[in-house]
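Below is one structure; the comments refer to it alone.
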Amino acid sequence: MLINHHQHRSTTLALITLCVILTSACGDSTSNKANAIDYTKTYPASNGGTLINAMMGEPSGLIAMIAGESAASAIAGNIFNSLLKYDKNLELSGELAQSWDISDDHKTITFHLKPDLKWADNQPLTSEDVLFTWQKVTDENTRTPYGSDYKLVIKAETPDINTFRVTYAAPYAPALETWASLHILPKHLLKDQDINTTAFARNPIGSHYYKLEKWKNGQYLKLTRNINATQGQAKIDHLMSRIIPDKAAQFLELSADNIDSMGLNPIQYARIFPARPDLNKNIALYKELGNSYTYMGFNLKRKPFDDIRVRQAINYAINKQEIIDGVLLGLGEPVASPYKPGTRWSNPELKPYAYDPAKAKALLKEAGYEDHDGDGILDKDGKPFSFEILTNQNKEREMTGVLIQRRLKEIGIDANIRVLEWASFLGRFIKPKEFDVVVLGWSLSLDPDQYSIWHSSQQAAGQFNFISYSNSQVDKLLEAGRLELDPDKRMKIYHEFSKILLEDSPIVYLSAGYGLTAIHKRVKGISNPAPPAGIGHNTYEWYIPKAYVRTEMSEN
Amino acid sequence: MKKLLANPLVLLGFIIITSILILALIAPFIAPYDPDAIDVKAILLSPSTHHLMGTDGLGRDVFSRMLYGSRISLMVGFVAVGISTAIGIVLGAIAGFYRGWVDTLIMRIVDVMLSIPTFFLILAVIAFLTPSIWNIMIVIGLTSWMGVTRLVRAEFLSLRNREFVLAAQTLGAKDTRLIFTHLLPNSLTPIIVSSILGIASAVLVESGLSFLGLGVQAPQASWGNILTDGKEYIQFAWWLSLFPGLAILITVLGYNLLGDGLRDAYNPRSSQH
């Protein structure tokens with residue numbers, strides 16, 4: 001019996017190997033099907049069609065404040081409105097609100113809703129719904145990580161059905177931004193429900209362009225046009241999001257013309273696409289700077305990372321361009337502040353630490369690290385300089401870790417890499433702060449306030465300042481930035497903050513990668529190059545000409 | 001031995017295993033590059049005279065990594081099987097020699113262990129420990145001793161009542177003498193066969209774990225993690241999947257041929273064909 005087991009396993013493996021060889025050999029011959037249609041013609045905008053995209057994970061629900069994951073907000077963003085939105089140039093404009101007034105003391109904001117708003121189920125959408133949503137997001141029983149911004153509101157009221165007014169204890173500069181990211185929920189459907197567990201999360205009624213038509217577990221979510229949409233009508237009839245939890249499988253579906261769009265990884269973008277003229281003919285690629293950056297963060301509570309010279313030395317020892325070239329295949333940019341390069345909050349005077357191993361060694365020597373015993377590893381007080389780089393199961397971060405490890409070894413630092421599954425990474429290491437160094441990423445919001453990441457008061461378990469950064473100057477700037485409403489003065493505050501942060505080097509900025517998207521050429525109306533708000537800012541204007549609508553098989 | 005190697009399949013298995021062992025031993029002398037040397041200007045080059053098996057996503061030479069990876073794969077095989085065989089012999093000998101409630105107890109433990117799917121047990125254990133080559137070897141060893149235990153016990157049970165054992169016992173031989181000089185030497189053949197097949201299985205488990213990211217940690221190379229890296233690039237960098245896949249296939253095949261041949265050669269009932 002034991003022996004059979006072995007034989008069985010080796011046969012399976014042989015088969016896998018064979019399949020591997022066969023798939024790589026056959027990859028080029030699958031492209032005959034769609035060649036007949038020329039997708040480069042222009043047609044006037046028309047209604048109809050289905051846009052199919054792929055997503056990695058299935059949302060746990062479609063109430064974004066509860067679900068939290070990106071898959072949920074991506075889909076819920078097509079179903080629910082907020083009071084405000086960012087336009088294509090990232091300026092705030094009204095969504096459900098047609099205007100808003102800020103009181104002279106900057107503490108009160110009054111939103112005026114557009115008249116005659118309706119939910120998808122024909123019920124009126126009023127300021128009562130907005131108030132209800134605010135009550136829910138600030139309710140202690142609501143399990144949401146987003147409550148803190150809204151808890152700063154000391155009074156919320158509805159003078160009439162089209163007016164919603166909030167009052168803050170002190171001026172709060174990110175306030176408007178927070179009202180652009182809170183999906184307004186229908187009171188009439190949720191008032192007697194437990195928002196954490198309600199069936200509404202799987203059967204939502206919203207007010208935006210689309211409403212949920214069908215959610216097939218583990219397979220897809222299909223949205224259909226909402227005729228009551230508050231923002232006018234979208235052109236494409238249906239949006240379908242297929243759940244395909246693997247980039248390589250998504251890519252095969254894209255090649256086979258079973259999906260219209262997906263996010264690409266650098267390899268697919270830079271290596272596979274150029275080698276496949278058949279794909280280039282039908283699929284357009286889009287590249288834009290993403291809203292996130294990758295960094296290496298030190299646990300500042302642990303020695304020797306409490307020493308600024310050690311942190312700076314490691315910063316000098318890491319070759320960031322090498323990471324951008326090797327891991328992102330050149331599809332990224334270096335960063336020197338925690339803001340998207342090129343935006344007003346990013347301080348243009350700051351430059352990343354240059355790759356300078358000699359300087360790194362000199363700084364380490366100053367901090368007491370030298371190779372006393374001649375084993376190639378620096379040491380201090382008889383202890384070798386050795387630590388662990390933690391990261392989660394993310395190919396790009398793992399590769400980044402390997403590159404960093406190599407460069408650190410060259411100046412005599414012994415670093416090990418440990419790759420963990422996301423949940424245990426957060427639960428066992430980040431929350432209890434049981435790590436030396438992490439390679440991670442931060443997503444950026446549009447408001448420059450980063451109080452929750454860098455302020456010394458935000459270090460409790462589960463809060464975002466898990467590297468335990470504490471700098472009284474930075475604290476003061478972050479506090480001032482929240483109170484300052486004048487954009488130019490605010491910019492100066494955050495430029496100063498970024499400068500101190502770079503100098504202090506609590507994290508090593510590694511890179512900001514481009515967002516890489518592939519969209520089938522049957523989809524028209526896409527702005528290229530993408531405006532600051534990104535390629536997806538105007539999906540409601542995208543259209544699929546009648547001639548290009550794919551023939552669909554009906555399931556029923 | 002001569003008779004054994006006359007079988008062409010066994011000879012093939014023997015040659016495969018010896019060559020891989022030799023390659024693993026002399027890896028540092030024949031590897032053309034440092035297996036961890038990164039060169040971002042030379043990523044994903046296809047096989048050429050400079051890079052016999054091409055380069056990977058970080059520009060490392062795949063041939064050198066394969067050579068060093070063979071050391072990991074083989075070491076895991078030997079150590080894990082060493083552990084499992086040692087445990088198996090001890091428990092099997094106790095159970096088979098003393099019988100009674102000890103036997104029942106040990107065999108029930110074996111049944112319990114066999115009822116758990118080994119690979120998932122290993123996955124669960126490794127997820128709690130730090131994944132490292134030592135942990136993997138130990139965990140594989142500690143979860144694969146059941147077969148050996150059963151074999152040894154069965155051999156002991158049948159040998160226990162044979163005349164030469166009874167004679168030794170009648171002459172006053174102590175238990176330890178009976179076990180070590182009479183019973184164990186006569187049970188060696190099936191143990192060796194099962195160990196060789198066990199190595200094949202351990203090599204596969206290690207590759208599987210590394211493939212899932214729970215095995216040997218970067219930047220150290222093992223066949224399994226080279227194969228994982230290759231998965232990302234399979235559409236255009238076939239060499240990253242082909243070579244480690246083939247290496248695992250050939251090694252496992254080699255051990256299986258050798259093990260099966262040995263078993264047939266020493267099994268009087270199956271030696272005729």
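To find a chain, count down the sequence lines: A is the first, B the second, and so on, and within it residues start at 1. Not measured: the values here are computed from a predicted model.
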ask   = Does any non-hydrogen side-chain atom of A:E398 lie less than 4.5 Å from one of B:T228?
value =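 They are not in contact (no side-chain heavy atoms under 4.5 Å apart), so the answer is no.
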key: Flag side-chain contact, heavy atom, 4.5 Å: B:R60 against A:V402   =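 Side-chain contact under 4.5 Å: yes.
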[X] side, atom [atom1]; [Y] side, atom [atom2] - distance, nearest 0.5 Å:
X      : Y      : atom1 : atom2 : value
B:I234 : A:I267 : CD1   : CD1   : 12.5 Å
A:N416 : B:Q220 : CG    : CD    : 10.0 Å
A:Q405 : B:I38  : CD    : CD1   : 8.0 Å

Ring pair (Phe, Tyr, Trp, His ring centres under 6.0 Å) contacts in which one or both residues fall within residues 197-218 of chain B, not counting sequence neighbours =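 Output for this query is empty, none listed.
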task = Can you tell me which residue pairs pass the ring pair (Phe, Tyr, Trp, His ring centres under 6.0 Å) test with a partner in residues 246-269 of chain A, sequence neighbours excluded?
result = A:F251-A:F273
request  = Assess whether side chain to side chain contact (heavy atoms under 4.5 Å, CB included) is satisfied between B:V40 and A:N319, documenting all intermediate values.
outcome  = CA-CA 11 Å; B:V40 293; A:N319 187 342; over 6 Å; no
message = Within residues 326-334 of chain A, which residues come under 4.5 Å of chain B, heavy atom to heavy atom?
response = A:G326, A:L329
query = Which residues from residues 425-439 of chain A are near chain B, with near meaning under 4.5 Å between non-hydrogen atoms?
reply =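 Under the 4.5 Å heavy-atom cut-off, A:R428 qualify.
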inquiry  = Tell me which of these, B:G259, B:G57, B:A37, has more heavy-atom pairs under 4.5 Å with chain A than the rest.
reply    = B:A37
key: Pairs of heavy atoms under 4.5 Å with chain B: top-ranked of A:E322, A:R418, A:Q268   =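 Of the candidates given, the most pairs with chain B belong to A:R418.
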inquiry  = Quick check on the interface: out of A:R406, A:K409, A:Q393, who has the most heavy-atom pairs with chain B under 4.5 Å?
reply    =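 Ranked by contacts with chain B, first place is A:R406.
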request  = Counting only heavy atoms closer than 4.5 Å, note whether B:D39 contacts chain A via side chain, backbone, both or neither.
outcome  = neither
ask   = Tell me, side chain or backbone of B:D34 under 4.5 Å from chain A's heavy atoms, or both, or neither?
value =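 Side chain only.
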Where A:R271 and B:L44 come nearest, the two heavy atoms and their spacing =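 Nearest pair, atom of A:R271 first, then B:L44: NH1-CB, 3.8 Å.
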task = Mind listing the closest non-hydrogen atom pair of B:I43 and A:D325 along with its distance?
result =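 Looking at all heavy atoms of both residues, the shortest contact is CD1-O, 4.5 Å.
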